[in-house]
Amino acid sequence: MRRADVLISGGGMVGLPLGLALAQGGLKTVIADAAPPAKVLEPNFDGRVSALAYASVRMLRALGVWEGLAPHAQPIREILVTDGQVGKPASPFSLHFDAGEVGAESLGHIAENRHIRAALYRAVEIAPNLELMAPAVVTSVAMKEGRAVARLKDGEEISAALVIAADGRDSSLRTQMGVQIIGWSYPQTGIVATVEHEKPHNGVAYEHFLPSGPFAILPMTGNRSSLVWTEAKTKAPGLLALDEEGFHAELAQRFGAHLGKIKAAGPRWSYPLSFHIARDFVRPRFALAGDCAHGIHPIAGQGLNLGLKDAAALAEVLLDAGRLGRDIGALDTLKRYERWRRFDSFALAVSTDALNRLFSNDIAPLRHLRDLGLGIVDSIAPARRFFMRHAGGDIGKLPRLMKGEAA
Ligand SMILES: Cc1cc2nc3c(=O)[nH]c(=O)nc-3n(C[C@H](O)[C@H](O)[C@H](O)COP(=O)(O)OP(=O)(O)OC[C@H]3O[C@@H](n4cnc5c(N)ncnc54)[C@H](O)[C@@H]3O)c2cc1C
């Protein structure tokens, strides 16, 4: 039977950096992922980009991943938040964040998920103490003689002091281990597409709140932007099925003219949107991280950032315990991670849910209230700086990796 200190089920954008952090800290780590890396890197696997907060960028730099990713990442210099209706000019109240105001070069970076994954795979390949098994599906975990024994679909067993589930929103391991979640589906779908435009975006990200949900225009490298277009679940299939001309007409009504002529490039993608948070993040010899532990609305582009913070905090707790000669799978060790991350995740999940409810409607009194809110925050410099620090992930107790230090 293969033996490791830690087995991570799920080598996504949370499982891979978590594995890197643990292995770099000296723990023998195995990551098992259901999907073959070559398939994951295909351009048609995932059309999304991720807004990486600057705390996440510091973590990727500390792990040796950032160097490979930086050429593909676009710095966000400004963020403009507006409220409006389809086909009409935005409300005069807006909120403007500028990196220069906090003395930073950027408020974060936008990178295509496929580039993030490619940079992570390259770092994993050369990491000592780390093995990536893929494709390898983890089907169950059983506790045997003070160890957690994970069983793979092909029958192989791996014995570890700790098993971490980083296997995404629909985690089968979470269910198998009896961890319950609180959650619901949103009556919205996330439509994602890349748009090429005539004029440069100058690193400005736009979040335009429309009655069906936020319409985000995220600057990518070159004269390209990624759309995260939240639409009513009932309307999304019709929009996705439109021919090029029809889709362009719908797009133009929402996009505005500030970037000149626009053209949707490549496929359109759609993602069902839901909310969930696990009641427990840990069990003896078992922990959850990333989307397996919490799934949030993409309104603030924080899901991955939250998962990276889990990875950084969990790595720190486990490495500290290991250095003191403690059992890394013991419940009291793992509870330290749960206390650190559960409240923070819950608070962010609930506030993104509230933001979506407040903005995704066309109710006149609420419209006035939120316009007033945007105007007030915009006029108070400390409030703007608070939100910028929030967006940058620089709040709460930061794990060492997110300060740019070794785990
Ligand atoms: C439209 C949209 C836009 C978003 N934009 C942003 C953004 O701008 N910024 C941001 O921070 N976040 C964003 N997010 C959220 C972000 O994409 C997720 O939070 C992030 O991908 C979660 O990563 P993960 O590794 O936890 O899970 P996943 O990416 O779901 O990875 C899970 C991995 O587990 C593997 N797996 C599953 N089951 C098994 C098994 N049984 N055995 C082995 N392996 C298994 C899968 O193959 C997969 O590789 C967005 C989400 C959506 C829907």
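Quick caveat: nothing in here was measured; it's all calculated off a predicted structure. Heavy atoms only: backbone and side chains are in, while hydrogens, waters and symmetry mates are out. Ligands are counted one by one from 1 in listed order, and the atoms in each one are counted from 1 as well.
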Taking 4.0 Å as the limit for heavy-atom contacts, which would you say applies to A53 with ligand 1: side chain only, backbone only, both, or neither?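 It is neither; nothing of A53 touches ligand 1.
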Gap separating the CG atom of N113 from the CG atom of L120, nearest 0.5 angstrom: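 Answer for the CG-CG pair, N113 versus L120, is 10.5 Å.
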For the NZ atom of K309 and the CG atom of L398, what is their distance to the nearest 0.5 Å?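 Reported to 0.5 Å precision, the distance equals 5.5 Å.
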Give a yes-or-no answer on whether the side chains of R336 and T333 include a donor-acceptor pair shorter than 3.5 Å.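 Short answer, no.
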Determine whether any heavy atom of A136 lies closer than 4.0 Å to an atom of ligand 1.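 True for this residue.
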Please work out which of the three classes, parallel, tilted or perpendicular, describes the rings of H115 and H72, given edges at 30° and 60°.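 Plane angle under 30°, so parallel.
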In terms of relative ring orientation, are F255 and H197 parallel, tilted or perpendicular, with 30° and 60° separating the classes?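 F255 and H197: tilted rings.
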Protein heavy atom at shortest distance from [atom]:
atom                    : result
atom 38 (N) of ligand 1 : D167 CB, 3.6 Å
atom 21 (O) of ligand 1 : M13 CE, 3.6 Å
atom 3 (C) of ligand 1  : P298 CB, 3.7 Å
atom 9 (N) of ligand 1  : G301 O, 3.0 Å
atom 30 (O) of ligand 1 : G168 CA, 3.6 Å

Donor-acceptor pair, D310 side chain versus A289 backbone, under 3.5 Å?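 No: the side chain of D310 does not pair with the backbone of A289.
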Side chain or backbone, does [X] bring an N or O within less than 3.5 Å of an N or O on ligand 1?
X    : value
A34  : yes
N305 : yes
D33  : yes

When you check the gap from the basic side-chain N to the acidic O, do K335 and E338 get nearer than 4.0 Å?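 Result for this pair is yes, salt bridge flagged.
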For atom 49 (O) of ligand 1, state whether the nearest protein heavy atom is under 4.0 Å away.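 Looking at atom 49 (O) of ligand 1, one finds that a protein heavy atom does lie closer than 4.0 Å.
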So between [options], whose heavy atom ends up nearest [atom]?
atom                    : options              : answer
atom 12 (N) of ligand 1 : L304, V137, N113     : L304
atom 7 (C) of ligand 1  : A111, S56, A51, A165 : A51
atom 40 (C) of ligand 1 : T139, I31, V138, V14 : V138

When you compare the side chain of T230 with that of I299, does any pair of heavy atoms fall below 4.5 Å?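 Contact flag for I299/T230 side chains = no.
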